[in-house]
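The next block holds one structure in the form of structure tokens; read it before the comments.
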Amino acid sequence: MLEGLNHAQRTAVMHDGGPLLVLAGAGTGKTRVVTTRIARLLLQGEAARSILAVTFTNKAAKEMKERLVGLAGRAARGVWVSTFHALCARMLRKDAHQLGLSNALSILDESDQMAQLVRTARAIGMKLDEAAPGVPASRLPRLVLGKIGLWKNQGLRGTDEPPPQHDEVALVARALWRPYAAHLRAMNALDFDDLLLCARELLETVPEVRARYQAQFRWLHIDEYQDTNPIQLEITRLLCGPEQNLCVVGDDDQAIYAFRGADLENILAFDRQYTPCTVVKLEDNYRSTALILDAANAVIAKNSARRDKTLRSGLGEGAPLSVIVANDGEQEAEQVASRIFDLVLRDKRPAESVAILYRAAPQSRLFEEALRMRGVPYRVVGGMEFFARKEVKDALAYLTCIARPDDEVAFRRAITAPARKLGEVAIGRVVAAARAADVPLVEYALQGAPAAELKTEQRVALAGFAKPLVAARAPLEAAANDPDADVALLAHRAVLAAGVARLIEAEPELATRQRIQECVEELMNAFAGFVERRRDAALAPDLAESQLVDTGEGALAAFLDRVRLDGDDDERTDEEKEEKKNKGKVQLMSLHASKGLEFPVVFLVGMEEGLLPHRRVLEESGERGVEEERRLCYVGFTRAQRLLVCSFATTRRRRHELLPRRRSRFLDDVPARCLPAAEAAVEPADPAEAFFAAMRARAAAR
Ligand code: ATP
Ligand code: MG
């Protein structure tokens, strides 16, 4: 079990009792030390249930458990491996009654919280849409909940007075603070923050519960300790018995959850809080090649608040990073997908060894499309594939009704989203009557379905639905060939007028409304981009992508076919099947979701000012925010084992407009020696442009 471990790792694994801190850079085997240490304790005869391991995600917990069973056999089954939240829920389900709550708690996730916040606002007569004129209404609930969460994590209770603050969000949060807490209490409901707070209260105020867990857990381990918040710190202190057999591991450079109240001081101060503390440093990175590590180290070195660390690779220099510079977002995705195609289908690398990492979820769309087009299987981890989302499918059904007014599946979907007082039976009558009259469904609906047996209000609803769809068709086709026209805007207006606007308004939660809006907009961006590429292809047929060549059915119909290439319908994700699902598929995920993971090949995309560092963070948290974004970038770089490719676009589309973009300041920090000679100087991605640049360079050299 110890074979293969280096000296420092062995020290940590064999460390007997008392506080132990492993503070070390990425990929140095911290998680492996925790797992091996637990296996060592088990093999030494410690009872499984006396061992606790806290991980950052449920996925990490599952993986650790599996590895433990592999190392120590069935004995490992009884080890408590979970996240802080799951641990707290487990304790509260047993003992919440001791706090005057029922043990049958309901636990609210983020969307439940939003819904409750909106209900509370309504109950106290506050109009959330108008409550903070300086803040976009769609972002307000999330910001307010963030504020409330922060206060909770600072230890405030529902009955306490929040600290005086004067910004608009804080004022709204102050007004909602007590009633929101009271509502949750009345429903016997806890949000994620409450889980931690109540568990802490339980341990603090009920000595017998505390004593019970202290007696049970003789060995405590916490992974990713840099992302713990003050309440988690307290829970740890309360769980930890007099023996203080507490082992924490982490990396201050990978602290990326300050926005949720995590405090990286926790790890930096650990050896002062728990004494005498053994500190183990790990300096050998087993994950990444030297050039990747050099790049990561150079980026993170720019942060001010950090402990200096040595990190060396044992894997040799490796290949230099490459940087893809694209003219726009579509081209960035094309180039990334084409490299992945080569890696997977030509070089026969397993697809699951390649990851695409991005800062924000909607960024995945372009890459999904480009991969689909090349037939490269992929999977979006911790999120949903763009075209599989309900709101996207609804909007697509409307678009289909424009392009193909006789498509029954699309008609049936669109006419019921939102509901229009037409049930299954009534819709069946409309379809049958349209067929009998030999008129396309949407056009028949426009006529109010004269031969179908319906109520007047149903006919009105049908006509109202169909009118903008029928009206949009001809102008859309005309616009598709006019380079100055905004086709996406036309399509957007038509689907909004036909019912998508009502679909959005019907959502009680602002956050959901915003998400649907964003998705519909992103779908329109996709359409606009497609139309533009198709125009270009028509102008230069020899460069045309064969898929874009006209089928004679018009731009919108061609787009819909492209999108539907291989939609795997509403596939349900089952935790158990998850591992199987990853096999043979390129992994797409956010940087936050990539924590603790590793991949032979990593594409870190959208390396632009405004995306990484993210615009919102720059606006809201200034320089402190930049430091956290830099750590995110460091996390991204250090996921790569062999090959790291960074990409950015010099312009990005907002419908038919192209906005200029600048490469990320973090890319500027990558030393030239980590880049291939050709890419050290930024090279234009367009082959024609590259050709002329080379010509100019040659002319200048003469
Ligand atoms: P992160 O900071 O990203 O969470 P980490 O410090 O937890 O990283 P691990 O994930 O535990 O690092 O290990 C990184 C990789 O190095 C894993 O593939 C692990 O199996 C491997 N590794 C760790 N220690 C050794 C060793 N002594 N010999 C060979 N490989 C090792
Ligand atoms: Mg780890």
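Atoms within a ligand are numbered from 1 in the order they appear, just like the ligands themselves. What you are looking at is a predicted structure, and each value in this text was computed from that prediction instead of being measured.
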Which of Arg639, Arg32, Arg287 passes salt bridge (charged side-chain N to carboxylate O under 4.0 Å, His left out) with Glu598? It is Arg287
Among Arg631, Arg307, Lys309, which one satisfies salt bridge (charged side-chain N to carboxylate O under 4.0 Å, His left out) with Asp251? Lys309
Nearest heavy-atom neighbours spanning Leu20 and Ala12: CD2-O, 3.6 Å
Any idea how Trp80 and Tyr213 line up, ring-wise: parallel (<30°), tilted (30 to 60°), or perpendicular (>60°)? perpendicular
Under 3.5 Å, side-chain donor or acceptor atoms of residues 291-302 against the rest of the protein: list the pairs with distances, not counting sequence neighbours.
from, atom 1, to, atom 2, distance (Å)
Asp294, OD2, Arg673, NH1, 2.8
Asn297, ND2, Leu293, O, 3.3
Lys302, NZ, Asp669, OD1, 2.9

Interatomic spacing from OH in Tyr257 to CD in Glu224 - rounded to 0.5 Å: 9.0 Å
The Mg ion (ligand 2): protein N, O or S atoms that are less than 2.8 Å away, sorted by chain: Thr31 OG1
Atom-level proximity to ligand 1, residues with heavy atom under 4.0 Å: Gly4, Leu5, Asn6, Gln9, Gly25, Ala26, Gly27, Thr28, Gly29, Lys30, Thr31, Arg32, Glu224, Gln254, Tyr286, Arg287, Gly596, Glu598, Arg639
Decide if the gap between the ring center of Phe367 and the ring center of Tyr358 is smaller than 6.0 angstrom. no
Indicate the ring-plane relationship of Phe270 and Tyr225, choosing parallel, tilted or perpendicular according to the 30° and 60° boundaries. perpendicular
Glu204: partners by salt bridge (charged side-chain N to carboxylate O under 4.0 Å, His left out), with sequence neighbours left out: none
